[in-house]
Amino acid sequence: MASVKTVNDVNLSGKRVLVRCDFNVPFDEHGKISDDTRIVGALPTIKHLVAQGAKVILCSHLGRPKGEKNPKFTLAPVGVALAEQLGQPVTFVEDCVGETVEKAVAAMEEGQVLLLENVRYYAGEEKNDPEFAKQLAKVADAYVNDAFGTAHRAHASTEGVAHLVDTKVAGFLIEKELEFLGSKTSTPERPFIVILGGAKVSDKITVIEALLEKADVMLIGGAMAYTFALALGKTVGDSLSEPDKVETAKACLAKAEAKGVKFLLPVDNLTTDKLDFGNASVGQTQIAEGNIVDGWEGVDIGPKTTELYKAEIAKAKTILWNGPMGVFEIDASSKGTFAVAEAVADADAVSIIGGGDSVKAVKKAGYGDKVSFISTGGGASLEFLEGKTLPGVAALETK
Ligand SMILES: Nc1ncnc2c1ncn2[C@@H]1O[C@H](COP(=O)(O)OP(=O)(O)O)[C@@H](O)[C@H]1O
Ligand SMILES: O=C(OP(=O)(O)O)[C@H](O)COP(=O)(O)O
């Protein structure tokens with residue numbers, strides 16, 4: 001397969017370059033950026049373009065504001081953090097399309113950096129609306145995609161806009177991610193364990209079927225586990241689950257059995273009668289084995305599950321982990337995630353951690369340096385592994 005062109009293959013000196021980054025970073029309960037991996041990951045490309053004398057126009061999404069302007073999802077704090085990391089000013093523009101942006105870009109000098117406001121403030125972004133893509137492209141002579149974490153989305157700023165400019169190449173982060181994930185997961189050393197959790201159940205449950213073709217063992221935690229519990233006829237109380245994905249879950253269970261893949265689900269869960277995310281606290285807690293009753297919500301894997309999972313992880317030669325085992329942002333429900341992080345760090349294996357929150361968890365636990373590769377993409381790394389073409393990469397030029 002032809003490889004994608006990168007910023008190294010083109011000269012963007014003096015050009016207005018629209019750079020799509022994934023600045024979808026996690027925040028703590030005080031509104032502070034709690035993990036800057038995705039900002040740091042974007043620096044090599046930005047620095048390269050600045051050094052070349054390009055006019056660097058950065059854009060990104062943050063969270064899921066659903067097509068509406070909502071200050072909760074502003075990228076302004078990212079601009080501040082980025083300026084610190086770059087050691088040069090980053091001009092924040094309070095819109096991502098339209099006159100404000102056009103004026104700001106017209107005033108740019110070579111080597112200057114601009115950060116546009118959240119592209120998901122417009123519904124056209126996720127719909128990949130050609131009109132919205134056209135507005136984004138209006139200020140750009142060239143397009144660089146370095147948003148690996150969003151490369152699995154065919155959105156206006158990740159895919160549509162690429163069709164409207166002549167020069168469209170990948171940044172260094174996408175290049176690095178594709179190289180590492182491609183080389184380590186095409187013929188993984190076995191046993192190959194995939195650990196899946198987190199909250200984006202409907203996004204990620206669909207990749208399980210494909211991953212069952214590759215993995216020897218799958219360990220399921222986080223909210224993902226409760227949709228599987230429903231598939232097994234259990235009750236999950238108030239736990240986050242997606243009943244409309246129960247059939248998918250059943251199909252996964254059947255396929256795992258047919259393929260001889262060891263598919264482990266929690267045998268116990270930490271439950272609470274109150275989850276207060278804003279204040280980072282939980283109410284009463286108890287361990288539930290089997291059913292979870294109404295009024296109670298699963299927030300972490302339990303101690304028995306943790307031991308089971310640790311034992312499997314210790315045997316692995318290749319590990320891919322996406323999605324925390326519980327609501328790890330709150331101390332009381334962080335034990336399962338941190339124990340799994342420790343087991344992954346200690347394993348004599350190639351270990352790949354992907355996803356904004358999973359990476360935050362591993363770093364918070366102090367194991368960031370002990371894993372083989374930190375990927376800035378959760379869903380993106382899973383879809384890449386699944387063998388899917390990532391739309392954000394497919395839209396770029398090839399060599
Ligand atoms: N049992 C659970 N109930 C509710 N939320 C959960 C549960 N387990 C994990 N989460 C949440 O999942 C979020 C991360 O999910 P996700 O975005 O899928 O992972 P990543 O960002 O690593 O790809 C975290 O904020 C965590 O609190
Ligand atoms: O955080 C992200 O994905 P991830 O949770 O799979 O790592 C990306 O920024 C994509 O965000 P989206 O899943 O809202 O499209």
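One-based numbering, in listed order, for ligands and for the atoms of each.
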Legend entry - Any donor-acceptor N or O pair under 3.5 Å, side chains Q52, S13: no
Legend entry - Among G377, G222, P324, G326, closest by any non-hydrogen atom to atom 10 (N) of ligand 1: G326
Inset, instruction - If you have a sec, work out which protein heavy atom is nearest atom 27 (O) of ligand 1 and how many Å separate them, to one decimal? - result: E329 OE1, 2.7 Å
Legend entry - ligand 1 to A199 polar contact by distance, N or O atoms, under 3.5 Å: yes
Inset, instruction - Scan side-chain atoms only and decide if H155 and R20 contain a donor-acceptor pair under the 3.5 Å cut-off. - result: no
Inset, instruction - Please determine if D300 has a nitrogen or oxygen closer than 3.5 Å to a nitrogen or oxygen of ligand 1. - result: no
Inset, instruction - Starting from atom 22 (O) of ligand 1, locate the nearest protein heavy atom and write down its residue, its atom name and how far away it is, to 0.1 Å. - result: S358 OG, 2.5 Å
Legend entry - Residues E117 and T74: side-chain donor-acceptor under 3.5 angstrom: yes
Legend entry - G336, A223, G298: member with heavy atom nearest to atom 7 (C) of ligand 1: A223
Inset, instruction - Could you verify whether a donor N or O on one side chain and an acceptor N or O on the other, from E29 and N279, lie under 3.5 Å apart? - result: no
Inset, instruction - Could I get the full list of side chain to side chain contact (heavy atoms under 4.5 Å, CB included) partners for P65, not counting sequence neighbours? - result: F73, N118, R120, Y121
Inset, instruction - State plainly whether the residues E131 and K134 are in salt-bridge range, i.e. N to O under 4.0 Å. - result: yes
Inset, instruction - Please could you name the atoms of ligand 1 that K200 approaches to less than 4.0 Å, counting only its heavy atoms? - result: 17 (O), 18 (O)
Inset, instruction - Look at E289 together with K304 and state whether they make a salt bridge at an N to O cut-off of under 4.0 Å. - result: yes
Legend entry - Protein heavy atom at shortest distance from atom 5 (N) of ligand 1: V327 CG2, 3.7 Å
List, one per line, each side-chain donor-acceptor pair under 3.5 Å for residues 333-346, sequence neighbours excluded.
unit_1: S333; atom_1: OG; unit_2: V327; atom_2: O; d: 2.7
unit_1: S333; atom_1: OG; unit_2: I330; atom_2: O; d: 3.4
unit_1: S334; atom_1: OG; unit_2: D331; atom_2: O; d: 2.7
unit_1: T337; atom_1: OG1; unit_2: M325; atom_2: N; d: 3.0
unit_1: T337; atom_1: OG1; unit_2: G326; atom_2: N; d: 3.2

For each nitrogen or oxygen atom of ligand 2, which protein N/O atoms lie closer than 3.5 Å, and how far apart are they, rounded to 0.1 Å?
unit_1: ligand 2; atom_1: 1 (O); unit_2: N24; atom_2: ND2; d: 3.0
unit_1: ligand 2; atom_1: 1 (O); unit_2: R38; atom_2: NH1; d: 3.0
unit_1: ligand 2; atom_1: 1 (O); unit_2: R38; atom_2: NH2; d: 3.3
unit_1: ligand 2; atom_1: 1 (O); unit_2: K200; atom_2: NZ; d: 3.4
unit_1: ligand 2; atom_1: 3 (O); unit_2: K200; atom_2: NZ; d: 3.3
unit_1: ligand 2; atom_1: 5 (O); unit_2: K200; atom_2: NZ; d: 2.7
unit_1: ligand 2; atom_1: 6 (O); unit_2: K204; atom_2: NZ; d: 3.3
unit_1: ligand 2; atom_1: 6 (O); unit_2: G379; atom_2: N; d: 2.7
unit_1: ligand 2; atom_1: 7 (O); unit_2: R38; atom_2: NH2; d: 2.9
unit_1: ligand 2; atom_1: 7 (O); unit_2: G356; atom_2: N; d: 3.3
unit_1: ligand 2; atom_1: 7 (O); unit_2: G378; atom_2: N; d: 3.2
unit_1: ligand 2; atom_1: 9 (O); unit_2: D22; atom_2: OD1; d: 3.3
unit_1: ligand 2; atom_1: 9 (O); unit_2: D22; atom_2: OD2; d: 2.8
unit_1: ligand 2; atom_1: 9 (O); unit_2: N24; atom_2: ND2; d: 2.9
unit_1: ligand 2; atom_1: 9 (O); unit_2: H61; atom_2: NE2; d: 3.1
unit_1: ligand 2; atom_1: 11 (O); unit_2: H61; atom_2: NE2; d: 3.3
unit_1: ligand 2; atom_1: 13 (O); unit_2: R64; atom_2: NH2; d: 2.8
unit_1: ligand 2; atom_1: 13 (O); unit_2: R153; atom_2: NH2; d: 2.7
unit_1: ligand 2; atom_1: 13 (O); unit_2: K200; atom_2: NZ; d: 2.8
unit_1: ligand 2; atom_1: 14 (O); unit_2: R64; atom_2: NE; d: 2.8
unit_1: ligand 2; atom_1: 14 (O); unit_2: R64; atom_2: NH2; d: 3.4
unit_1: ligand 2; atom_1: 14 (O); unit_2: R120; atom_2: NH1; d: 2.9
unit_1: ligand 2; atom_1: 15 (O); unit_2: R120; atom_2: NH2; d: 2.8
unit_1: ligand 2; atom_1: 15 (O); unit_2: R153; atom_2: NE; d: 2.6
unit_1: ligand 2; atom_1: 15 (O); unit_2: R153; atom_2: NH2; d: 3.4

Inset, instruction - Report the part of L240 (side chain from C-beta onward, or backbone N, CA, C, O) that has a heavy atom under 4.0 Å from ligand 1; answer both or neither where that applies. - result: side chain
Legend entry - Test item: side-chain donor near acceptor, K360 and S34, under 3.5 Å: yes
Legend entry - Distance-only donor-acceptor check, side chains N322 and K204, under 3.5 Å: yes
Scan the side chains in residues 210-222 for donor-acceptor partners under 3.5 Å anywhere in the protein, sequence neighbours excluded, and list what turns up.
unit_1: E213; atom_1: OE1; unit_2: K259; atom_2: NZ; d: 3.1
unit_1: E213; atom_1: OE2; unit_2: K255; atom_2: NZ; d: 2.8
unit_1: K214; atom_1: NZ; unit_2: L385; atom_2: O; d: 3.2
unit_1: D216; atom_1: OD1; unit_2: R190; atom_2: NH1; d: 3.2
unit_1: D216; atom_1: OD2; unit_2: R190; atom_2: NH1; d: 3.0
unit_1: D216; atom_1: OD2; unit_2: F192; atom_2: N; d: 2.7

Inset, instruction - Would you check whether N322 has a nitrogen or oxygen atom less than 3.5 angstrom from a nitrogen or oxygen atom of ligand 1? - result: yes
Inset, instruction - Say whether Y122 and D95, considering side chains only, have a donor N or O and an acceptor N or O under 3.5 Å apart. - result: yes
Legend entry - Which residue and heavy atom of the protein sit nearest atom 18 (O) of ligand 1, plus the separation: K204 NZ, 3.0 Å
Inset, instruction - Output the list of atoms in ligand 1 that are nearer than 4.0 Å to some heavy atom of D357, sorted by atom number. - result: 14 (C), 17 (O), 20 (P), 21 (O), 22 (O)
Legend entry - Polar contact flag for Y226 and ligand 1 (N/O pairs, less than 3.5 Å): no
